[in-house]
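To keep things clear, I will list the structure first and then write my remarks on it.
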There are 2 protein chains.
Amino acid sequence: MANRRIRPERAYEPKGIDDLDLRILTELQTDARAGLAELGRRVGLSAPAVADRVRRLEETGVITGYRAEVDPRALGFPVTVMVRIRPAIRELQRIAEIAEEVPQIVECHRMTGDDCFFFVMHLRTVAELEPILDLFTPYGHTTTSLIHTSPVPRRPLPLG
Amino acid sequence: MANRRIRPERAYEPKGIDDLDLRILTELQTDARAGLAELGRRVGLSAPAVADRVRRLEETGVITGYRAEVDPRALGFPVTVMVRIRPAIRELQRIAEIAEEVPQIVECHRMTGDDCFFFVMHLRTVAELEPILDLFTPYGHTTTSLIHTSPVPRRPLPLG
DNA sequence: TATGAAAGCCTTGGGCT
DNA sequence: AGCCCAAGGCTTTCATA
């Protein structure tokens, strides 16, 4: 496969993070359950040294959490949907609040453009879609797309 | 906050997964580094019993991975972009291939609607945007939005 | 950052319900 | 099957340099 990596001038170099940190983060991004001793082996550090660095990365907000990723289909959520919303009136905050309150919505983002928000949700049936969309229609116009496949499933940030 | 949970008939009940599994998955979705003994304490099982269940959930594809989540801004990627693509010609496969080859793209999905794909990427500068979009323009029309905030940051599937 | 000791954890095997 | 218990070997942690 071709390599389409584009390397810009680095306009924004993170402070206080060195190559060893980046290697630890690369490991943890794909194998969050690796032990500290194991991480130390992979990057060439002792376990206590790795423990210190991981703790610092957590405390400074570089690492925001550790999550097991699950297959929604295997858990009874075969329908994945992406919804964009173009607010009809000045009710942007309301839209964010409703998204927060619907547990099927696993992420919601505010963005530039005509469509101010988009969110992704996992549903047990398509019948769930209508009542959820109806929560938003008072505040804007929705555009709904069913997600079929993921040519690039969620993957780590390219560090180092 | 109001509870907008909508409970449909469960058209699709996952087989071979019981409440204990769901509780383990709930824990791992927010705390993937929790030890087996700790997990056992939380769900009322011994460590070996938890180990068996976690191994089974991994082997059956329910758990697809464990990832540390990082803050792109803290790592020198202050620009997050969502791009939709409406293919101009029958080059759907080509678009998926290019997305795969651009490391800044952390996820890409195929969906229904006029815009067949959307992807999300993290950039070091806005200057990176143009050359990446130019990789796709031969194959379709792109719509680009900068993501400002995330009213609902990535959160677990609501299990149980 | 590495070392060494103590505490706690993971794994394995065996036996129970 | 699925779970618990117990023992050996590792890991993690904390003190110290």
Side-chain angles (χ1 to χ4, degrees), chain A residues 10 13-77 124 156-157 159-160, chain B residues 10 12-71 74-76 156-160:
Chain A
R10 298 202 170 181
E13 196 63 32
K15 300 291 180 205
I17 292 175
D18 63 15
D19 282 355
L20 246 19
D21 289 325
L22 295 180
R23 287 174 62 190
I24 292 171
L25 289 169
T26 297
E27 291 299 327
L28 284 175
Q29 277 193 104
T30 53
D31 184 12
R33 280 181 74 75
L36 298 171
E38 173 63 24
L39 287 171
R41 248 168 257 131
R42 294 185 199 166
V43 307
L45 237 43
S46 70
V50 175
D52 281 348
R53 283 169 178 269
V54 171
R55 193 177 322 111
R56 191 172 49 75
L57 291 167
E58 291 168 357
E59 285 167 358
T60 57
V62 176
I63 294 173
T64 55
Y66 302 98
R67 8 202 76 206
E69 216 143 274
V70 299
D71 178 1
R73 287 163 303 182
L75 290 162
F77 295 84
R124 293 191 183 276
L157 263 186
L159 303 175
Chain B
R10 298 201 169 182
Y12 185 101
E13 196 62 32
K15 301 292 180 205
I17 292 175
D18 63 16
D19 282 354
L20 245 20
D21 290 324
L22 295 180
R23 288 173 63 191
I24 291 169
L25 290 169
T26 297
E27 293 299 327
L28 284 175
Q29 277 193 103
T30 53
D31 185 11
R33 279 181 76 74
L36 297 171
E38 174 63 24
L39 288 172
R41 250 168 256 131
R42 294 186 199 165
V43 308
L45 235 44
S46 70
V50 175
D52 279 349
R53 283 171 177 267
V54 170
R55 192 176 322 112
R56 190 172 49 77
L57 291 167
E58 290 167 358
E59 284 167 358
T60 57
V62 177
I63 294 172
T64 54
Y66 302 98
R67 2 205 60 165
E69 216 143 274
V70 299
D71 177 1
L75 290 164
L157 262 186
L159 304 175

Seminar exercise, completed: Closest to the side chain of Leu45(B), out of dT12(D), dC4(D), dA2(C), is dC4(D)
For this session: Determine whether the side chains of Gln29(B) and Tyr66(A) contain a donor N or O and an acceptor N or O closer than 3.5 Å.
Result: no
Exercise. Within a strict 4.5 Å, meaning less than it, do heavy atoms of the Leu22(A) and Leu75(B) side chains meet?
Worked result: yes
Exercise. Nearest-Å distance, CD1 (Ile24(A)) to C1' (dT1(C))?
Worked result: 13 Å
Exercise. Should Arg41(B) be listed as having a side-chain N or O under 4.0 Å from OP1 or OP2 of dC9(C)?
Worked result: yes
For this session: Whole angstrom is fine here: how far is it from CD in Glu38(A) over to P in dC10(C)?
Result: 15 Å
For this session: With sequence neighbours excluded, tell me which residues meet side-chain hydrogen bond (donor to acceptor under 3.5 Å, both in side chains) with Glu38(B).
Result: Arg41(B), Arg42(B)
Exercise. Among Glu69(A), Arg67(A), Arg33(A), which one satisfies side chain to side chain contact (heavy atoms under 4.5 Å, CB included) with Arg67(B)?
Worked result: Glu69(A)
Exercise. Which nucleotide, dA6(D), dT13(D), dC10(C), lies nearest any side-chain atom of Leu36(A)?
Worked result: dT13(D)
Exercise. Among the nucleotides dA2(C), dT11(D), dC4(D), which one has an atom lying closest to any side-chain atom of Ala49(B)?
Worked result: dC4(D)
Problem set entry | Closest to side chain of Arg53(B), choosing from dC3(D), dT11(D), dT11(C) | dC3(D)
Seminar exercise, completed: Leu39(A) CG to dC10(D) P, in whole Å, measures 19 Å
Exercise. What is the distance, rounded to the nearest whole Å, between atom CG of Asp19(B) and atom P of dC3(D)?
Worked result: 13 Å
Seminar exercise, completed: note: Leu20(A), atom CG; dT1(C), atom C1'; distance rounded to Å ~ 11 Å
For this session: Could you please name the option among dC14(D), dT11(C), dC3(D) that lies closest to any side-chain atom of Ala51(B)?
Result: dT11(C)
Exercise. What is the distance, rounded to the nearest whole Å, between atom CZ of Arg55(B) and atom P of dC10(C)?
Worked result: 13 Å
